[in-house]
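A quick write-up on the structure given underneath.
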Amino acid sequence: MNRRDMTKKDIITIRDLSTEEILELMRVARKLKKSPFARAKALRNKTLALLFQKPSNRTRVSFEVGMAHLGGYTLYLSPQEIDMGGRETVKDVACVISRYVDGIVVRVFAHQDAVIFARYSAVPVINGLSDFAHPCQALSDVFTIREKFGSLKKRRIAFIGDGNNVLNSLLMTCARTGVSLNIATPRGYEPEREVFEEAAGIAKKHRAVFNFFNDPHEAVKGCDAVYTDVWISMGQENVREQRLKDFEGFQVNETLMRATGKDALIMHCLPAHRGEEITDIIDGKNSIVYDQAENRMHVEKAVLLKTLRKRG
Ligand code: CP
Ligand code: NVA
């Protein structure tokens with residue numbers, strides 16, 4: 001393929017998906033979870049490149065195994081191998097790799113690199129995490145919430161911690177699917193105002209309400225699940241000490257879970273840092289973190305079918 005396919009479907013943020021598309025992805029994912037090999041030839045002769053600037057367990061393994069289930073191949077390109085932005089420009093890497101393969105998952109530091117990459121790639125690009133977004137994670141999270149509660153209606157989730165990539169994508173996915181969110185972050189770590197306001201506006205149309213708190217105990221009251229993520233994301237290691245101080249009081253622990261007033265579930269995208277953002281409560285009976293991780297694969301298979309199948 002040497003021309004850009006103008007109908008290609010990139011998923012760089014959840015904004016690239018309508019509510020109908022998200023619900024359809026979830027329907028397909030549910031079927032695939034029941035029958036993992038039902039579409040064993042759907043992506044025969046297709047190759048997916050995984051171009052990663054950061055380490056990964058879930059994203060890499062779930063895409064690789066998912067692609068194998070659908071009859072396709074994957075090619076893992078490590079940070080050292082390609083050195084995007086160092087050895088070559090983002091544009092050159094995108095233009096070249098997209099002539100070889102049928103789809104590309106990128107994991108980048110700067111979100112803008114994912115945007116530029118998608119602009120120049122001739123084939124669909126899926127964001128496998130940037131400093132701004134983690135759309136595949138959020139799709140899997142909402143899929144898992146539905147799986148646990150049987151429906152998304154009238155569910156309220158609390159997100160406690162950093163207003164980061166995971167929260168940004170969760171905000172938009174919950175908004176589009178009508179899941180209410182209570183958010184608590186320390187001052188200075190709120191999600192960007194425009195992101196929050198856009199998502200809250202969409203949520204309203206779907207009868208969901210988004211609330212912001214600075215006190216985590218207030219935020220979790222009445223919530224069905226409590227979600228957290230690391231305080232120090234990949235690439236932020238140099239500000240570790242400052243962040244540990246700033247996030248004091250935002251740990252998900254037994255006291256905070258009691259403040260829900262419910263038998264609430266515990267969510268985390270993983271990897272987790274026990275003793276920092278969460279205690280070993282993550283290993284208890286209310287934790288659904290391994291379901292979230294497993295569901296990455298089922299949902300991503302649906303994403304691959306949607307994005308990669310079009311081309312001949
Ligand atoms: N949750 C998640 O994306 O995990 P990895 O960083 O291991 O891929
Ligand atoms: N916020 C975390 C998510 C890891 C899946 C990070 O960016 O490192």
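In each ligand, atom 1 is the first atom listed, and ligand 1 is the first ligand listed. What's counted below: heavy atoms across the whole structure, side chains too, no hydrogens, waters or symmetry copies. Computed from a predicted structure; not experimentally measured. Numbers here simply count residues along the sequence, with the first being 1.
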Classify the ring geometry between Phe212 and Phe196 as parallel (under 30°), tilted (30 to 60°) or perpendicular (over 60°).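 Aromatic pair Phe212/Phe196 classed perpendicular.
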
Parallel, tilted or perpendicular for Phe52 and Tyr76, by the 30°/60° rule?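 If you compare the ring of Phe52 with that of Tyr76, the planes turn out perpendicular.
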
Heavy-atom count check: over 12 atoms from other residues, nucleotides or ligands less than 6.0 Å from Arg30 CZ?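 More than 12 within 6.0 Å, yes.
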
Within the supplied structure, the quantity of interest is the number of heavy atoms (other residues, nucleotides, ligands) at a distance under 6.0 Å from Lys31 NZ; does it exceed 12?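 No - once you tally the heavy atoms of other residues, nucleotides and ligands closer than 6.0 Å, there are 12 at most.
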
Is there a donor-acceptor pair under 3.5 Å between the side chain of Ser140 and the backbone N or O of Gln292?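 Checked: pair present.
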
Going by the atom numbers of ligand 1, which of them fall below 4.0 Å from some non-hydrogen atom of Asn57?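 Near Asn57, the atoms of ligand 1 are 5 (P), 7 (O), 8 (O).
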
Numbered atoms of ligand 1 (with element) below 4.0 Å of Cys269, judged on heavy atoms: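 Close to Cys269: 1 (N).
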
Quick one: look at [X] and ligand 1, take heavy-atom pairs under 4.0 Å, and tell me if it's side chain, backbone, both or neither.
X	answer
Gln137	side chain
Arg60	neither
Leu270	backbone

Please list the nearest protein heavy atom to atom 3 (O) of ligand 1 with its residue and the distance rounded to 0.1 Å.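 Result for atom 3 (O) of ligand 1: His134 NE2, 2.8 Å.
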
Could you identify the single nearest non-hydrogen protein atom to atom 4 (O) of ligand 1 and state the distance to 0.1 Å?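 Nearest protein contact, heavy atoms only, for atom 4 (O) of ligand 1 is Arg58 NE, 2.7 Å.
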
So is Arg107 touching ligand 1 or not, going by heavy atoms under 4.0 Å?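 Per 4.0 Å heavy-atom rule, Arg107 contacts ligand 1.
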
Compute the shortest N/O to N/O distance between Arg296 and ligand 1 and return yes if it is under 3.5 Å, no if not.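 Checking ligand 1 against Arg296, an N or O pair does fall under 3.5 Å apart.
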
Anything under 3.5 Å between an N or O on ligand 2 and a protein N or O? List each pair with its distance, or write none.
unit_1: ligand 2; atom_1: 1 (N); unit_2: Asn164; atom_2: ND2; d: 3.4
unit_1: ligand 2; atom_1: 1 (N); unit_2: Asn165; atom_2: OD1; d: 3.0
unit_1: ligand 2; atom_1: 1 (N); unit_2: Asp229; atom_2: OD2; d: 2.6
unit_1: ligand 2; atom_1: 1 (N); unit_2: Ser233; atom_2: OG; d: 2.7
unit_1: ligand 2; atom_1: 7 (O); unit_2: Asn165; atom_2: ND2; d: 2.8
unit_1: ligand 2; atom_1: 7 (O); unit_2: Ser233; atom_2: OG; d: 3.4
unit_1: ligand 2; atom_1: 8 (O); unit_2: Met234; atom_2: N; d: 2.8

Say you draw a straight line from OG of Ser287 to CD1 of Ile281; how long is it, rounded to the nearest 0.5 Å?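 One gets 9.0 Å once the value is rounded to the nearest 0.5 Å.
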
Nearest 0.5 Å, please: how far is NZ in Lys154 from CG in Asp224?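 Atom-to-atom, Asp224:CG and Lys154:NZ are 12.0 Å apart.
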
Below 4.0 angstrom, N of the basic side chain to O of the carboxylate: do Glu24 and Lys306 qualify?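 Salt bridge absent between Glu24 and Lys306.
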
